[in-house]
Protein chains: 2
Amino acid sequence: MPNNQFKRGELYSFMTGKASTAIARRLQKNFKQSGIEITVEQWSVLYHLWKQDGMSQQELCNATFRDKPSITRLVDNLEKLKLVKRVASKDDRRMNMIYLTEEALKLETQTMEVANITLNEALEGVSTENIAICKEVLQLVYDNLK
Amino acid sequence: MPNNQFKRGELYSFMTGKASTAIARRLQKNFKQSGIEITVEQWSVLYHLWKQDGMSQQELCNATFRDKPSITRLVDNLEKLKLVKRVASKDDRRMNMIYLTEEALKLETQTMEVANITLNEALEGVSTENIAICKEVLQLVYDNLK
DNA sequence: GGCATATAGTTAGTTATGCAACTAACCAAA
DNA sequence: TTTGGTTAGTTGCATAACTAACTATATGCC
């Protein structure tokens with residue numbers, strides 16, 4: 001059990017996720033400054049749809065690590081913003097396939113640029129090796145708990 | 001600029017903070033299973049008060065990386081639960097000093113035990129060196145953006 | 001003392017999250 | 001085909017977050 005001797009402070013910094021909160025806040029701020037009027041949560045949904053358009057809500061739940069009500073409401077808001085459309089599946093009428101609108105397609109390049117800038121701000125001064133190790137640890141933590 | 005060549009997937013896993021979300025959810029679940037009826041956010045405030053009782057709300061903002069309205073409402077809810085008390089400072093009447101109640105003092109040992117168990121679940125299979133590197137990276141990210 | 005400014009905290013409005021309960025559609029076994 | 005269980009999505013309720021605007025107190029400069 002090599003992990004039993006963790007001290008409180010270490011524990012706490014892991015628990016709270018200050019780093020990811022800080023990244024999300026900065027991304028939101030950078031979106032705003034670029035005149036992009038979406039939330040980072042909405043962006044995280046669009047992100048997966050840019051990779052693969054026409055996902056079901058359940059697939060978006062898995063992809064974004066959110067529960068079903070969260071996705072329902074995010075899709076609600078994205079629909080209000082005319083960025084996505086719900087289309088009932090022909091094969092299985094329980095399912096909504098979520099499709100990007102023209103306007104959402106246009107957002108991809110611009111938002112990804114802002115996201116990359118934000119990430120570079122965040123990772124300034126961090127070595128490539130350590131970033132890789134950090135990613136690996138976070139992935140393991142996620143796998144341990146999901 | 002060693003960080004410019006990041007690929008989307010890497011970027012995204014950093015952005016979303018799935019690992020910290022997963023830890024927070026697991027901690028909440030473990031609290032519930034132990035019969036502890038507080039939220040992880042409330043716990044994070046109590047955590048700092050256990051270290052130093054009688055902090056002001058502004059100090060709690062800095063410590064927990066939350067804004068003032070968030071702390072106002074967390075303290076509201078903690079007061080409703082009779083876990084803390086607001087006491088107006090004599091030196092500066094703008095300030096509320098937040099004090100733990102007897103009941104909150106009793107919660108420390110039990111919740112810290114649950115938190116330690118949760119952390120061990122999360123970090124199972126991760127080497128001590130890599131945990132240290134990961135912490136270091138997250139701290140740097142936080143410092144870059146805060 | 002009096003006025004401008006800064007700081008501590010609150011309130012209001014919108015968005016997001018988690019949980020539980022619900023509806024609708026699908027599916028498989030009797 | 002009917003019944004019972006499962007899956008996809010929605011709704012209601014409570015908590016929490018960010019922004020902006022607000023009140024009240026303190027401070028510093030004239």
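Worth knowing before you read on, the calculation uses all heavy atoms, side chains too, and leaves out hydrogens, waters and symmetry mates. Quick caveat, the model's predicted, so the values are computed rather than measured. Quick note on labels: first sequence line is chain A, next is B, and so on, each numbered from 1.
The existence of a salt bridge linking R86(A) and E79(A) is confirmed by a sub-4.0 Å separation between a basic side-chain nitrogen and an acidic carboxylate oxygen.
Looking at heavy-atom distances under 4.0 Å, N96(A) makes contact with sugar-phosphate atoms alone, never a base. Using a 4.0 Å heavy-atom cutoff across all strands shown, L74(A) reaches sugar-phosphate atoms only and no base atom.
The side chain of R94(A) approaches dT7(D) more closely than any other nucleotide in the set dG18(C), dT10(C), dT7(D).
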Worked verdict on E136(B) versus C134(A) for side-chain contact (heavy atoms from CB on, under 4.5 Å): CA-CA 9 Å; E136(B) 190 188 319; C134(A) 185; over 6 Å; no
Worked verdict on T64(B) versus K18(A) for side-chain contact (heavy atoms from CB on, under 4.5 Å): CA-CA 8 Å; T64(B) 65; K18(A) 282 187 192 181; over 6 Å; no
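Summarising the geometry, the separation between CG on L60(B) and C1' on dA16(D) is reported as 16 Å, rounded to the nearest angstrom. Per the geometry, CD belonging to E59(B) stands 9 Å off P belonging to dA8(C), to the nearest Å. With rounding to whole Å, Q58(A) atom CD is found 11 Å from dT10(D) atom P. Atom pair E41(A):CD and dG18(C):P shows a separation of 11 Å (rounding to whole Å applied). A straight line from CD1 of I38(A) to C1' of dT14(C) spans 16 Å, rounded to a whole angstrom. As a whole-Å value, the separation of D67(B) CG from dG13(C) C1' is 14 Å. Straight-line distance from the CE atom of M95(B) to the C1' atom of dT23(D): 17 Å, rounded to whole Å. Atom NZ of K68(A) is separated from atom P of dG12(D) by 16 Å (rounded to the nearest Å).
Taking the side chain as every heavy atom from C-beta outward, S56(A) and M97(A) approach each other to under 4.5 Å.
Expressed to the nearest 0.5 Å, how far NZ of K90(B) lies from CG of D92(B) amounts to 14.0 Å. To the nearest 0.5 angstrom, N130(A) atom CG is 11.0 Å from L138(B) atom CG.
Counting heavy atoms of neighbouring residues, nucleotides and ligands inside a 6.0 Å radius, atom NZ of K146(B) exceeds 12 of them. Heavy-atom contacts from other residues, nucleotides or ligands closer than 6.0 Å to CD of E102(B) number 12 or fewer.
Proximity of T72(B) to the phosphate of dT10(C): a side-chain N or O atom is located under 4.0 Å from OP1 or OP2. Residue Q42(B) places at least one side-chain N or O under 4.0 Å from the OP1 or OP2 atom of dA16(D).
Interface remark: the R73(B) side chain does not form any donor-acceptor pair with the dA14(D) base, using a distance-only criterion of under 3.5 Å. For R66(B) and dG9(C), a side-chain-to-base donor-acceptor distance below 3.5 Å is absent, hydrogens and geometry of angles not being considered.
Taking the centre and axis of the six-membered ring of F31(B), the NZ or CZ atom of R26(B) falls outside the cone set by 45° and 6.0 Å. No cation-pi contact links K85(A) to Y99(A), judged by a cut-off of 6.0 Å to the six-membered ring centre and 45° from its axis.
Contacts between residues 76-93 of chain B and DNA chain C, counted as heavy-atom distances below 4.0 Å, involve R86(B). The stretch residues 20-34 of chain B comes close to DNA chain C through R25(B), K32(B), each having a heavy atom under 4.0 Å from the strand.
Each of T39(B) and P69(B) was matched to the nucleotide of DNA chain D holding its nearest heavy atom; the match closer to the 5' end belongs to T39(B).
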